[in-house]
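Residue numbers start from 1 in every chain, and the chains themselves are labelled A, B, ... in the order their sequence lines are given, proteins ahead of strands.
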Number of protein chains: 2
Amino acid sequence: MQALIDHFKQILPLDDDELALLDGRVNARKIKRKQMILQEGFVCKHYTFVVEGCFKMYGVDDKGYEHNIQFAAEGDWIADIGSFHSKKPSKLFIEAIEPAEILQIEIKDLYFLYNNIAKLNRIFKVIIENKFVELQNRVLQNFSSTAEQRYLSFLEQYPNLANRLPNTQIASYLGITPEFLSKIRKDLMKK
Amino acid sequence: MQALIDHFKQILPLDDDELALLDGRVNARKIKRKQMILQEGFVCKHYTFVVEGCFKMYGVDDKGYEHNIQFAAEGDWIADIGSFHSKKPSKLFIEAIEPAEILQIEIKDLYFLYNNIAKLNRIFKVIIENKFVELQNRVLQNFSSTAEQRYLSFLEQYPNLANRLPNTQIASYLGITPEFLSKIRKDLMKK
DNA sequence: CATTACCCTTAATCTACCTTAAGCCTATTT
DNA sequence: AAATAGGCTTAAGGTAGATTAAGGGTAATG
């Protein structure tokens, strides 16, 4: 819980009254490796804050291949925002890559908090702005560079993730096959 | 100005006191075709609401090619959110594809409004959530389908944009060359 | 501790999409 | 009305990355 308070404090500190309201609206859970906290076809019921561990969010195409659209490690939020607010079934999966500890807020609790802690509207606005910018940079990168350049800038931007994740997951994030990532890595070694 | 009030009303209506605060913090401008309201290297100073006309937002790669990352027509917001908040130089351009009428809010005014109209935090949170979802869908589409599928779903998702935009701009948005789009269109005609 | 599942790599063949170049047509600008 | 720029298309040849298949290594699970 302290991890979440610290996270909010970095954007806008909450006072004691506000923190009291938070308590009881947030649920702590432990998640096993490979456990899913969201599956395609189900409505996304929670905003999830990662205290410990690492998740991937992905879609599955017609041929059954997975495509990672984001990772979330310590201090990140993860949710299918579209499904969450529209209450429509998600097209995405969220799955733990490592054993994890998370904090979850349900939609009714989040709306309660938005109505009773004005600051939280601002805090979540900032959180989503940051996620938006990150995603937009990704879109730009994706079509203005080769797979090798994308791999290099992934390493640069997420050095700690790069160590923790298997290359298959990174390949899926970069939009290439593991085989081709393997070739890229080999070519980079030579240089 | 009425266009903006209506736009906010769809999310959360503002009362008269709040509308009074808005007035004077929003500037109306007319923009010519091809005029830029943001250029690479400059800080993005405004959130821009499109009343009439159409804009493209794009980056330029090492080879000088443009890559459209979004369009904005009537009722859309457009800004380089990253540059706007960080006050760092943008890597993007925003340019009018058609003559346009816009409403702009400067950063100091937007922050004033966030502090004095609590609802606006919520309104802009929702606006950015929607943009985030749209962008996320795009990322998913981009690597789980061929250029032809992407073109078809662009036509489906933005039928009015598809009529208004030249194919060169659509190709740039889809991440393909105009030549290849031409081929796709030819192949589709046959079917 | 064994065994299964997953991960990483190499290499050959194949395809979606790019590049270049050229020609025509329709808008803008002068 | 002329001039020019921009937009659309065709086609030939080229490349980044996919696919398939196969072998060896390492980590998770019972």
Side-chain angles (χ1 to χ4, degrees), chain A residues 31-35 53-54 56 58 60-68 95-100 141-155 161-190, chain B residues 31-36 53-54 56 58 61-68 71 95-100 141-155 161-191:
Chain A
I31 307 291
K32 292 185 187 157
R33 211 177 94 94
K34 296 200 184 176
Q35 189 178 337
C54 185
K56 63 177 174 178
Y58 61 93
V60 175
D61 68 22
D62 317 329
K63 294 175 193 157
Y65 292 115
E66 295 180 9
H67 300 276
N68 290 343
E95 183 183 327
I97 303 181
E98 302 171 358
Q141 276 254 332
N142 265 280
F143 43 40
S144 66
S145 36
T146 63
E148 181 172 309
Q149 288 174 299
R150 275 181 276 146
Y151 176 60
L152 288 173
S153 59
F154 174 80
L155 292 183
L161 277 182
N163 291 332
R164 284 164 79 168
L165 297 172
N167 287 333
T168 44
Q169 296 306 322
I170 296 174
S172 168
Y173 179 87
L174 296 175
I176 59 176
T177 56
E179 289 85 353
F180 193 59
L181 178 54
S182 188
K183 182 172 187 290
I184 289 171
R185 287 159 55 81
K186 189 175 124 195
D187 292 349
L188 287 172
M189 293 293 254
K190 285 184 192 165
Chain B
I31 306 292
K32 293 185 187 157
R33 208 176 96 94
K34 297 201 186 178
Q35 189 177 338
M36 294 190 186
C54 185
K56 62 177 173 178
Y58 61 93
D61 68 22
D62 317 329
K63 294 176 193 157
Y65 293 114
E66 296 180 8
H67 300 276
N68 290 341
F71 299 113
E95 183 183 328
I97 303 182
E98 303 170 358
Q141 276 253 333
N142 263 280
F143 41 41
S144 67
S145 36
T146 65
E148 181 173 310
Q149 289 174 299
R150 274 180 276 147
Y151 176 59
L152 287 172
S153 59
F154 174 81
L155 292 183
L161 277 182
N163 292 331
R164 283 164 80 168
L165 296 173
N167 286 334
T168 44
Q169 296 305 322
I170 296 174
S172 168
Y173 178 87
L174 295 175
I176 60 176
T177 56
E179 290 85 353
F180 193 59
L181 178 54
S182 188
K183 183 171 187 291
I184 288 171
R185 286 159 55 82
K186 189 175 125 195
D187 292 349
L188 286 172
M189 293 294 253
K190 285 185 191 163
K191 292 179 186 172

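Partners of B/K63 under the side chain to side chain contact (heavy atoms under 4.5 Å, CB included) rule, at least two apart in sequence or in another chain, are B/D61, B/Y65. In this structure, the side chain to side chain contact (heavy atoms under 4.5 Å, CB included) partners of A/A96, at least two apart in sequence or on a different chain, are A/I31, A/F55. With sequence neighbours left out, B/S182 forms a side chain to side chain contact (heavy atoms under 4.5 Å, CB included) with no residue at all. Residues that satisfy the side-chain hydrogen bond (donor to acceptor under 3.5 Å, both in side chains) test with A/Q169, not counting sequence neighbours, are A/K56, A/N68. Among residues two or more places apart in sequence or in another chain, the ring pair (Phe, Tyr, Trp, His ring centres under 6.0 Å) test is passed with B/F71 by B/Y173. For A/R164, the salt bridge (Lys or Arg N to Asp or Glu O under 4.0 Å) partners two or more places apart in sequence, or in a different chain, are A/E74, A/E98. In this view, B/S153 and B/Q141 satisfy the side-chain hydrogen bond (donor to acceptor under 3.5 Å, both in side chains) rule, not counting sequence neighbours.
Atom-to-atom distance recorded for A/K32:NZ and A/E95:CD is 14.0 Å, nearest 0.5 angstrom. B/I184 contributes atom CD1, which lies 4.0 Å from atom CD1 of B/I176 (distance to the nearest 0.5 angstrom).
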List the steps, then state whether side-chain contact (heavy atoms from CB on, under 4.5 Å) holds for B/N142 with A/N142. CA-CA 9 Å; B/N142 263 280; A/N142 265 280; over 6 Å; no
Derivation and outcome, side-chain contact (heavy atoms from CB on, under 4.5 Å), residues B/D62 and A/Q149: CA-CA 12 Å; B/D62 317 329; A/Q149 288 174 299; 3.9 Å; yes
Before giving the answer on side-chain contact (heavy atoms from CB on, under 4.5 Å), spell out for A/L174 and A/F180 the whole-Å C-alpha distance, their side-chain angles and the decisive distance to 0.1 Å. CA-CA 11 Å; A/L174 296 175; A/F180 193 59; over 6 Å; no
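Checked against D/dG7, D/dT19, D/dT9, the side chain of A/K63 finds its nearest nucleotide in D/dT19.
Comparing B/K183 and A/L165 by the nucleotide of DNA chain C whose heavy atom lies nearest to each, the residue mapping closer to the 5' end is A/L165.
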Name the pairs: protein N/O against N/O of nucleotides 14-17 of chain D, kept only if under 3.5 Å.
{"from": "D/dG17", "atom 1": "OP1", "to": "A/A147", "atom 2": "N", "distance (Å)": "3.1"}

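The salt bridge (Lys or Arg N to Asp or Glu O under 4.0 Å) analysis of residues 168-183 of chain A, with sequence neighbours excluded, yields the pairs A/K183-A/D187.
Running 5' to 3' along DNA chain C, contacts with non-hydrogen atoms of chain A at under 4.0 Å begin and end at C/dC6 to C/dA11.
Counting non-hydrogen atoms under 4.0 angstrom, B/T168 reaches the backbone sugars and phosphates but no base.
Distance CD (B/Q169) to P (D/dG6): 12 Å, rounded to an integer number of Å. When rounded to the nearest whole Å, the span between CG of A/D61 and P of D/dT19 equals 9 Å. The separation between B/E66 atom CD and D/dG6 atom P is 11 Å, rounded to whole Å.
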Under a 4.0 Å heavy-atom criterion, the protein footprint on nucleotides 20-30 of chain D, written with B, S and -, is BB------S--
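Five base pairs at each end of the helix from C/dT9-D/dA22 to C/dA22-D/dT9 define two local axes, and these are offset by 40° (rounded to 10°).
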